[in-house]
Enquirer: 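Structure in structure tokens, see below.
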Amino acid sequence: MSSPTPPAPLSVAQCRSVDRLCLEEYGLPGAVLMENAARGCAELLWSLTGGAPGPVAIVCGKGNNGGDGFALARHLAIRGVNVHLFAPFPEPPTEDDEPGEAAMNARVARRMGLPWTDWTAMNEADLTAALSEAAAAGWLVDALLGTGPSGPPREPMPIAVRAIDASRMNADVLAIDVPTGFDADSGEPFDPDCCVRADHTATFVAPKTGFAANWAANWTGPVSVIDIGAPPAAITAVR
Ligand SMILES: NC(=O)C1=CN([C@@H]2O[C@H](COP(=O)(O)OP(=O)(O)OC[C@H]3O[C@@H](n4cnc5c(N)ncnc54)[C@H](O)[C@@H]3O)[C@@H](O)[C@H]2O)[C@@H](O)CC1
Ligand SMILES: [K+]
């Protein structure tokens, strides 16, 4: 659900503290926050499109930002949307190898039989063509990297960032939490040659501090804040 009155901005460190407090002080696990995040993104796509969105291609990384993308794919498929996952592996890791919520959501999406392509096995031109086709006249979702990185995207991310950018003429780009490659504290890309340029950003809990910077909107587009169920006191505690 989008927040009616967006809360005041938070730094990346503060956002991470909110997530930690949810778990450690309230016993609210990351999987619940991720579920709310993904469902909120599905609802946002409905409201941005003014109804059911066209085809949606979701490009996922291996961290929790990617986990949001895998969970979003499930919520869109439930609603009958034509969704195609571009995953960072041919098969998700097993529960023994990776018990976290991101891998769990990848396994669920895989077992649902959703269209699935390992983008790390593709070159830039083939990935661009595949994304343009899968998202044609619909949405391309950037779930590669969120608040995790503290520097420019490393291999193999740059290929996917450039392929998303090259597909923008065929689809609108929704960034999950933060456009990949964007420094949400400074409000500038870590490297302007390797940053997703979003048509819209769905960010969690609160706008990030850097979103108010000059030119930040060139990278984020308009920003919607998604309430992921964090207790208000966990948010005020980090300010
Ligand atoms: N409980 C939580 O922590 C929640 C997290 N959420 C999502 O999780 C995101 C943060 O997740 P993570 O902390 O896992 O971070 P990310 O998913 O942003 O990035 C971590 C992944 O990227 C890799 N990585 C780190 N720096 C890199 C770089 N410079 N280049 C390439 N790869 C790099 C890491 O090896 C790891 O696989 C948020 O932005 C949000 O989307 C949401 O699901 C809400 C709840
Ligand atoms: K992202």
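Residue numbers count from 1 along this sequence. First listed ligand is number 1; within each ligand, the first listed atom is number 1.
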Enquirer: For the metal site, I want the angle between atom O of V178 and atom O of I176 with the K ion (ligand 2) at the apex, to 10°.
Expert: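 Vertex at the K ion (ligand 2): approximately 70°.
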
Enquirer: Say whether G61 and ligand 1 are in contact under the criterion: heavy-atom distance to a ligand atom below 4.0 Å.
Expert: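 G61 does not count as a contact of ligand 1 under the 4.0 Å cut-off.
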
Enquirer: How far is atom 7 (C) of ligand 1 from the closest protein heavy atom, and which atom is that?
Expert: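 I find the closest protein heavy atom is D68 OD2, 3.2 Å.
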
Enquirer: Can you tell whether the side chains of R162 and D193 come within less than 4.0 Å, N to carboxylate O?
Expert: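 Result for this pair is no, no salt bridge flagged.
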
Enquirer: Just do the side-chain hydrogen bond (donor to acceptor under 3.5 Å, both in side chains) check on T180 and D142 with the steps written out, would you?
Expert: CA-CA 7 Å; T180 293; D142 160 28; 2.6 Å; yes

Enquirer: State if G67 counts as touching ligand 1 under the rule of any non-hydrogen atom under 4.0 Å.
Expert: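 The answer is no: ligand 1 sits nowhere under 4.0 Å from a heavy atom of G67.
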
Enquirer: Does a side chain donor of either D177 or T203 reach within less than 3.5 Å of an acceptor in the other side chain?
Expert: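 A pair is found: one side chain offers a donor N or O, the other an acceptor, under 3.5 Å apart.
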
Enquirer: Are any of the N or O atoms of D19 closer than 3.5 Å to those of ligand 1?
Expert: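 So ligand 1 has an N or O lying under 3.5 Å from an N or O of D19.
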
Enquirer: Could you list the atoms of ligand 1 found under 4.0 angstrom from a heavy atom of M34?
Expert: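 Close to M34: 43 (O).
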
Enquirer: For atom 15 (O) of ligand 1, find the nearest protein heavy atom and state the residue, atom name and distance (0.1 Å precision).
Expert: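 Going by distance alone, atom 15 (O) of ligand 1 is nearest to G148 CA, 3.2 Å.
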
Enquirer: Counting from 1, what ligand 1 atoms have a heavy atom of P153 closer than 4.0 Å?
Expert: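 What qualifies from ligand 1 is 30 (N).
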
Enquirer: Side chain of D191, backbone of P152: donor and acceptor closer than 3.5 Å?
Expert: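 Flag not set: sc D191 to bb P152 has no pair under 3.5 Å.
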
Enquirer: I need the atoms of ligand 1 closer than 4.0 Å to a non-hydrogen atom of M157, numbered in the order shown.
Expert: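 It comes down to these atoms of ligand 1: 31 (C).
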
Enquirer: Looking only at protein heavy atoms, which one is nearest to atom 38 (C) of ligand 1, and how far off is it?
Expert: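 Answer, as residue, atom name and distance: D177 OD2, 3.1 Å.
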
Enquirer: Is it the case that over 12 heavy atoms from other parts of the model lie below 6.0 angstrom from the CD atom of E124?
Expert: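 Counting neighbours around CD of E124, more than 12 heavy atoms of other residues, nucleotides or ligands fall under 6.0 Å, so yes.
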
Enquirer: Identify the protein heavy atom lying closest to atom 31 (C) of ligand 1, giving its residue, its atom name and the separation to 0.1 Å.
Expert: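 Ranking protein heavy atoms by distance from atom 31 (C) of ligand 1, first comes R154 N, 3.4 Å.
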
Enquirer: Can you tell me if, anywhere in A175, an N/O/S atom lies at a distance from the K ion (ligand 2) that is smaller than 3.4 Å?
Expert: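 Checking the K ion (ligand 2) against A175, no N, O or S atom falls under 3.4 Å.
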
Enquirer: Tell me which protein heavy atom sits closest to atom 32 (N) of ligand 1, plus the residue, atom name and distance to 0.1 Å.
Expert: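 Answer, as residue, atom name and distance: L145 CD2, 3.8 Å.
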
Enquirer: For R239 and A8, indicate whether the former's side chain and the latter's backbone hold a donor-acceptor pair under 3.5 Å.
Expert: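 Between the backbone of A8 and the side chain of R239 there is a qualifying donor-acceptor contact (under 3.5 Å).
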
Enquirer: So, P179 and the K ion (ligand 2): N/O/S under 3.4 Å, yes or no?
Expert: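 Here the distance criterion (N, O or S atom, under 3.4 Å) is not met by P179, so no.
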
Enquirer: Side-chain donor-acceptor pair under 3.5 Å between T201 and W219, yes or no?
Expert: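 No, no side-chain donor-acceptor contact under 3.5 Å.
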
Enquirer: Please identify which atoms of ligand 1 are closer than 4.0 Å to at least one heavy atom of N65.
Expert: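 Taking each heavy atom of N65 in turn, ligand 1 has 8 (O), 9 (C), 11 (O), 17 (O), 39 (O), 41 (O) under 4.0 Å.
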
Enquirer: Using heavy atoms and a 4.0 Å limit, tell me yes or no: is P152 in contact with ligand 1?
Expert: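 Contact check P152 vs ligand 1: positive.
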
Enquirer: Counting from 1, what ligand 1 atoms have a heavy atom of G151 closer than 4.0 Å?
Expert: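 Taking each heavy atom of G151 in turn, ligand 1 has 29 (N) under 4.0 Å.
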
Enquirer: Please report which non-hydrogen protein atom sits nearest to atom 8 (O) of ligand 1, along with the residue it belongs to and the distance in Å to one decimal place.
Expert: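 Atom 8 (O) of ligand 1 sits closest to the protein heavy atom N64 CB, 3.0 Å.
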
Enquirer: Quick one: nearest non-hydrogen protein atom to atom 20 (C) of ligand 1, plus distance?
Expert: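 Of the protein heavy atoms, G63 CA, 4.0 Å lies nearest.
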
Enquirer: Could you establish whether R16 and ligand 1 come within less than 4.0 Å of each other, counting only heavy atoms on the residue side?
Expert: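 Heavy atoms of R16 do come under 4.0 Å of ligand 1.
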
Enquirer: Rounded to the nearest 0.5 Å, what separation is found between the NE2 atom of H84 and the CD1 atom of I58?
Expert: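 If we round to the nearest 0.5 Å, H84:NE2 and I58:CD1 are 10.5 Å apart.
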
Enquirer: Measuring only between side-chain heavy atoms, which start at C-beta, is P55 closer than 4.5 Å to V81?
Expert: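 No, side chains not in contact.
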
Enquirer: Show the atoms of ligand 1 that are less than 4.0 angstrom away from any heavy atom in L33.
Expert: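 Within the 4.0 Å cut-off of L33, ligand 1 contributes 1 (N), 45 (C).
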
Enquirer: Do T120 and D118 get their side chains close enough for a donor-acceptor pair, meaning under 3.5 Å?
Expert: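 D118 and T120 do have a side-chain donor-acceptor pair below 3.5 Å.
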
Enquirer: Below 3.4 Å, any N, O or S contact between L144 and the K ion (ligand 2)?
Expert: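 No, since none of the N, O or S atoms of L144 sits under 3.4 Å from the K ion (ligand 2).
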
Enquirer: Got a donor-acceptor contact below 3.5 angstrom from the T209 side chain to the P9 backbone?
Expert: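 Not confirmed, T209 side chain does not pair with P9 backbone.
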
Enquirer: Would you say the K ion (ligand 2) has D142 as a near neighbour, meaning an N/O/S atom of that residue under 3.4 Å away?
Expert: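 Yes, since at least one N, O or S atom of D142 sits under 3.4 Å from the K ion (ligand 2).
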
Enquirer: With a 4.5 Å heavy-atom cut-off, do F204 and L33 have their side chains touching?
Expert: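 Not touching, per the 4.5 Å side-chain cut-off.
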
Enquirer: Give yes if a backbone or side-chain nitrogen or oxygen of K62 is under 3.5 Å from a nitrogen or oxygen of ligand 1, and no if not.
Expert: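 In fact, backbone or side chain, K62 has no N or O that close.
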
Enquirer: Would you check the N or O atoms of E101, main chain and side chain alike, for any that come under 3.5 Å of an N or O of ligand 1?
Expert: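 Min N/O separation from ligand 1 is not below 3.5 Å for E101.
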
Enquirer: Under 4.0 angstrom from atom 34 (C) of ligand 1, is there any protein heavy atom?
Expert: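 Within 4.0 Å: no protein heavy atom nearby.
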
Enquirer: Using a strict cut-off of 4.0 Å, indicate which atoms of ligand 1 neighbour a heavy atom of G146.
Expert: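 Answer for ligand 1: 16 (P), 18 (O), 39 (O).
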
Enquirer: For P93, is there any backbone N or O sitting under 3.5 Å from a side-chain donor or acceptor partner on R107?
Expert: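 Looks like yes, one N/O pair under 3.5 Å.
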
Enquirer: Would you please determine whether I228 falls within less than 4.0 Å of ligand 1 on a heavy-atom basis?
Expert: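 I228: in contact with ligand 1 (<4.0 Å).
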
Enquirer: Quiz question: by atom type and distance under 3.5 Å, do the side chains of R74 and N105 form a donor-acceptor pair?
Expert: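 Looking only at side-chain atoms, N105 and R74 do form a donor-acceptor pair, the distance falling under 3.5 Å.
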
Enquirer: Does one side chain, of H75 or E35, offer a donor that lies under 3.5 Å from an acceptor on the other?
Expert: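 On atom types as modelled, these side chains qualify, holding a pair under 3.5 Å.
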
Enquirer: Please identify which of these residues, L131, L140, V173, meets the side chain to side chain contact (heavy atoms under 4.5 Å, CB included) condition with R168.
Expert: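 Testing R168 for a side chain to side chain contact (heavy atoms under 4.5 Å, CB included) against L131, L140, V173 leaves exactly one candidate, V173.
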
Enquirer: I need the nearest protein heavy-atom contact for atom 10 (C) of ligand 1: residue, atom name and distance, please.
Expert: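 Result: T147 OG1, 3.4 Å.
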
Enquirer: Classify the angle between the aromatic ring planes of F211 and F182 as parallel (below 30°), tilted (30 to 60°) or perpendicular (above 60°).
Expert: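 The rings of F211 and F182 sit tilted, inter-plane angle from 30° to 60°.
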
